[in-house]
Q: 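Following this message is one structure expressed as structure tokens.
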Amino acid sequence: LAMVTLHCTKKLLDRMKIAPQAAGAPDPDVVLGNWYGTALFWKPQLAIFVSTTTLMPLLLHLAPANTLHLRIRDSLDLLLRALETPDQVIARELSALDTVVVSKTSDRSVLGSLNEMVFHARVIKEQHPTFGLEEIALQLAETPCKPIGGKSPLMLCQSRLVSQRQSIWADLRAKLANVIPLYPTA
């Protein structure tokens, strides 16, 4: 049973009114891994989460904060569909969110990247006051990040999802080869 850990900053945990559990669950076997999040005290208030493996950002309305850990699933579903991700990959990523553990932050590198995303989100919002959540998130996703080799979270996420798609096709070909011989024997 895969589960995802939402590592939340203290200000986000305070808003969510959820007692954090001790970290220590193994990383889920999904492309996007666990998530780090914090609150943005804008009007309206938002939450921003980044994937630990790709730094792919998700922006959500903070209210109602006590359901944020449940609503991240819907936001991820929309993101993956926008990236034209195969249904099997989407199902796998979302099934990991069936069991969510809320914990404190623990990885300073990912936390630093999250704080950089918050800074960039503020700049984008100031430069483009009419942008909605999706436009801000897309701008963030296209921003190169040093911790992931100077790639953008979007580029890294797409390449990992393509690898996942190729793996699904390889598995399917192997299963079909066992059922239907590709080259009939005499």
Side-chain angles (χ1 to χ4, degrees), residues 1-9 12 15-16 18 27-102 110 113-114 116-118 120-125 127-145 148 151-169:
L1 174 70
M3 77 171 137
V4 169
T5 302
L6 299 181
H7 296 276
C8 302
T9 61
L12 183 55
R15 286 283 195 236
M16 293 173 71
I18 295 177
D27 287 338
D29 185 26
V30 289
V31 173
L32 297 172
N34 292 317
W35 294 83
Y36 270 61
T38 192
L40 299 175
F41 297 117
W42 298 355
K43 289 186 182 181
Q45 293 183 356
L46 305 174
I48 182 171
F49 286 91
V50 296
S51 156
T52 57
T53 59
T54 65
L55 301 179
M56 190 67 172
L58 288 176
L59 279 171
L60 296 90
H61 287 280
L62 186 55
N66 61 340
T67 65
L68 192 59
H69 64 292
L70 304 172
R71 292 184 289 118
I72 193 170
R73 189 178 201 280
D74 296 332
S75 291
L76 182 57
D77 185 28
L78 290 172
L79 169 70
L80 294 175
R81 291 193 189 286
L83 295 175
E84 299 178 359
T85 307
D87 288 341
Q88 295 117 318
V89 177
I90 292 174
R92 188 171 176 196
E93 293 290 323
L94 295 181
S95 72
L97 284 164
D98 287 344
T99 307
V100 175
V101 174
V102 177
V110 178
S113 295
L114 175 63
E116 276 291 310
M117 290 279 184
V118 168
H120 287 292
R122 282 191 185 110
V123 170
I124 292 166
K125 187 175 189 289
Q127 291 178 347
H128 305 280
T130 61
F131 274 15
L133 296 184
E134 295 81 13
E135 291 95 351
I136 294 171
L138 180 60
Q139 289 281 318
L140 292 173
E142 292 175 338
T143 303
C145 297
I148 54 175
K151 295 179 183 172
S152 71
L154 182 61
M155 183 189 309
L156 183 58
C157 185
Q158 286 177 321
S159 71
R160 290 195 177 185
L161 292 170
V162 166
S163 296
Q164 191 73 22
R165 179 182 302 141
Q166 291 168 344
S167 173
I168 288 170
W169 280 110

Q: Rounded to the nearest 0.5 Å, how far does CG of L133 lie from OG of S75?
A: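 So the gap between those two atoms works out to 8.5 Å.
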
Q: Do L140 and I48 touch side chain to side chain, with heavy atoms closer than 4.5 Å?
A: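 Answer yes - side chains close enough.
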
Q: What distance do T67 atom OG1 and I72 atom CD1 have between them, rounded to the nearest 0.5 Å?
A: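 Separation between the atoms: 11.5 Å.
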
Q: Please identify which of these residues, E116, R122, M117, meets the side chain to side chain contact (heavy atoms under 4.5 Å, CB included) condition with H120.
A: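 For H120, the side chain to side chain contact (heavy atoms under 4.5 Å, CB included) check succeeds only for E116.
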
Q: Distance from L154 atom CG to Q139 atom CD, nearest 0.5 Å?
A: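 Here the rounded value is 11.0 Å.
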
Q: Between D87 and R81, is there a side-chain N and carboxylate O pair less than 4.0 Å apart?
A: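 Answer for the salt bridge query: yes.
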
Q: Quick check: closest heavy atoms across R71 and L62, and the distance to 0.1 Å?
A: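 Heavy-atom minimum between the residues: NH2-O, 3.1 Å.
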
Q: Hey, mind stepping through V102 and T5 against side-chain contact (heavy atoms from CB on, under 4.5 Å) and telling me if it holds?
A: CA-CA 6 Å; V102 177; T5 302; over 6 Å; no

Q: Given side chains that start at C-beta, do those of T99 and V4 come closer than 4.5 Å, heavy atoms only?
A: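 Side chain of T99 against side chain of V4, heavy atoms only: no contact under 4.5 Å found.
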
Q: Do P144 and M155 have side-chain heavy atoms sitting under 4.5 Å apart?
A: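 Side-chain contact under 4.5 Å: no.
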
Q: Near H61 NE2, under 6.0 Å, is it more than 12 heavy atoms from other residues, nucleotides or ligands?
A: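 Check fails, neighbour count at 12 or below.
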
Q: How far apart are the closest heavy atoms of M16 and A65, and which atoms are they?
A: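 Between these two residues, the closest heavy atoms are CG-O, 3.5 Å.
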
Q: With a 4.5 Å heavy-atom cut-off, do V50 and P153 have their side chains touching?
A: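 SC-SC contact between V50 and P153 ruled out.
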
Q: Roughly how far, to the nearest 0.5 Å, is NE2 of H7 from CZ of F49?
A: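 Interatomic distance, F49 CZ to H7 NE2, rounded to 0.5 Å: 11.5 Å.
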
Q: Checking side-chain contact (heavy atoms from CB on, under 4.5 Å) for the pair W35/H69: CA distance, chi angles, key distance, verdict?
A: CA-CA 10 Å; W35 294 83; H69 64 292; over 6 Å; no

Q: State, yes or no, whether a side-chain contact exists between R160 and T53 at a heavy-atom distance under 4.5 Å.
A: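 Yes, side chains in contact.
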
Q: Are the side chains of L68 and L60 in contact, using a 4.5 Å heavy-atom criterion?
A: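 Yes, at least one pair of side-chain atoms sits under 4.5 Å.
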
Q: Looking only at heavy atoms, which two atoms of T9 and A39 are closest? And how far apart?
A: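 Minimum heavy-atom contact is OG1-N, 4.3 Å.
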
Q: I need the L32 CG to L156 CG distance, nearest 0.5 Å.
A: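 Result: 9.5 Å between the selected atoms.
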
Q: L161 versus V31: any side-chain heavy-atom pair under 4.5 Å?
A: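 Answer yes - side chains close enough.
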
Q: Which distance, rounded to the nearest 0.5 Å, do you find between the OG1 of T85 and the CD1 of I90?
A: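 One gets 5.0 Å once the value is rounded to the nearest 0.5 Å.
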
